[in-house]
Number of protein chains: 2
Amino acid sequence: MSTFIQTKRLLKYRMGLIRLKQMGLEKVFSYTLGKEAGVSAELVRKDFSNFGIKGNRRGGYDIDDLLNSLEKIFGKDRVQNVVIMGMGNMGKALSQYRGFPDNKMNIVAGFDIDPAKINKKFQIPIYPVENLKEIVDAFHVSVAILAVPEIAAQESSDLLVRYGIKGILNLAPVLLKVPDDVVVNNVNLMVELERLMYHSGVLK
Amino acid sequence: MSTFIQTKRLLKYRMGLIRLKQMGLEKVFSYTLGKEAGVSAELVRKDFSNFGIKGNRRGGYDIDDLLNSLEKIFGKDRVQNVVIMGMGNMGKALSQYRGFPDNKMNIVAGFDIDPAKINKKFQIPIYPVENLKEIVDAFHVSVAILAVPEIAAQESSDLLVRYGIKGILNLAPVLLKVPDDVVVNNVNLMVELERLMYHSGVLK
DNA sequence: ATTTTATTGAGAAAATTTTCACAATAATAT
DNA sequence: ATATTATTGTGAAAATTTTCTCAATAAAAT
């Protein structure tokens, strides 16, 4: 998929832009933003150009304009509700994320099979898995974070898919089997750690 | 860096191979492994070929041989000690990861500025940040996981670098400023979630 | 008003990654 | 023993991504 990597970069730009804005800046040059996002200036320009975002020759890019354009690309016109499957430490960690400022993403609930975790006093309400369908329907949820142990990952994924989830952020080290219309984004932190070890010259 | 992506795939192959082995298999074909890792069969073969790993024409690859070759590539001959900065939910979640079977990675300690978190009864010992140098020296640690809040990320990174850490897995949404000889691997879970939303057609 | 300067925008070139295509070959079947 | 078949290994082609280069141009300086 050709735009998959590019999207990742656009999101990094957004992150950088928000940071620069908080520092009081209003304009930014491709060079500056590239440095902020760890990308070459040419690539920044090309990316924006590809998405039809215009800057001002000699004046750089207007940060607010850029952010607006990015918001439009990401279609943040209405709130997106998200649920978390598995409220162990990872689930809890993610439930605290509020996303970026002005971000219309909203984590509405967590689910766990452990009755000891069911508790309305946490950051977000935590329900038993039996309530999944009810919440997904009520909040029109179509994206879920899967933060259950490896052994339960496929089973939980099946459940999410059955109730209409169309996107899963999978933190378990398993390639999930899902229908074609469901998108999975796999993040494997152990792989990232090993990769780091390899590249930091520590190993070898 | 040309091998950065390839390494990621090799690690995925390893994950897949371990899973297949657990299922009782001894041989694997490029096609099967590719499916397991979400990659084309040709690419599996090319990757192995590039790293000098040989299969058996018509017989496929021997899983144990492959795993041995991969271990050699990743230089898993001695134990690698790792520390975690920040023992909030994310730090705790990661401290439970034991890595892959036969993996010589070892998370030896966690650090936090919150005195309430200092506790020898957890999975791994949790020390105040004052003890960082001592532990890094004693265990010859050169890789760290940074799981502190955004606001503390650069400061913590500086500390790690000062005490000789050469690789940082950074979970905070900040591009860290580090010397050239320190490698940073950034993982931004919010970006991954947004990316998922974008690609799952949920948005726009 | 004119010149200089810094920066974008984009086509072309280079580099990299992935797929194609098929010869080589080892296992299996006849 | 021979033929058939399935799979690897790899060079070549295709596709994709990134960088190079420089004309266009807006801002700033003179």
Audit row: A:Ser49, A:Lys54, side-chain contact (heavy atoms from CB on, under 4.5 Å) steps and yes/no: CA-CA 7 Å; A:Ser49 177; A:Lys54 299 279 178 196; 5.8 Å; no
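- You'll find the ring centres of B:Tyr61 and B:Phe48 inside the 6.0 Å limit.
- Within 3.5 Å, no donor on the side chain of A:Arg57 pairs with an acceptor on the base of C:dT7, nor the reverse.
- One finds a salt bridge joining B:Glu192 and A:Lys8 here, because a Lys/Arg side-chain nitrogen approaches an Asp/Glu carboxylate oxygen to under 4.0 Å.
- Candidate nucleotides D:dT18, D:dA6, D:dT10 were compared by shortest atom distance to the side chain of B:Arg58, and D:dA6 ranks first.
- Of all nucleotides listed (C:dA21, D:dG9, C:dG9), C:dA21 comes nearest to the side chain of B:Glu42.
- Rounded to whole Å, atom P of D:dA27 lies 11 Å from atom CZ of A:Phe29.
- Between the NZ atom of A:Lys46 and the P atom of D:dT17 there is a distance of 13 Å, given to the nearest Å.
- Side-chain atoms of A:Ile73 and A:Phe51, non-hydrogen and from C-beta on, do get closer than 4.5 Å to each other.
- Residue-level contact check: A:Gly59 touches neither bases nor backbone, having no heavy atom under 4.0 Å from any strand.
- No engagement by B:Tyr31 is indicated, since no non-hydrogen atom pair under 4.0 Å with the nucleic acid exists.
- Rounded to whole Å, atom P of C:dA24 lies 15 Å from atom NZ of B:Lys54.
- Comparing C:dT18, C:dA21, D:dA27 by their nearest atom to the side chain of B:Leu43 picks out C:dT18.
- When heavy atoms are screened at a 4.0 angstrom cut-off, B:Tyr61 is found touching the sugar-phosphate backbone but no base atom.
- Checking C:dT8, D:dT10, C:dA26 against the side-chain heavy atoms of B:Ser49 singles out D:dT10 as nearest.
- Between the CZ atom of B:Arg45 and the CD atom of B:Glu42 there is a distance of 5.5 Å, given to the nearest 0.5 Å.
- Each end of the helix from C:dA1-D:dT30 to C:dT30-D:dA1 gets its own axis, taken as the rotation carrying the C1' atoms of four end pairs onto the next four within a five-pair window, and the two axes meet at 10° to the nearest 10 degrees.
- The side-chain heavy atoms of A:Leu17 and A:Leu70, taken from C-beta on, include a pair separated by under 4.5 Å.
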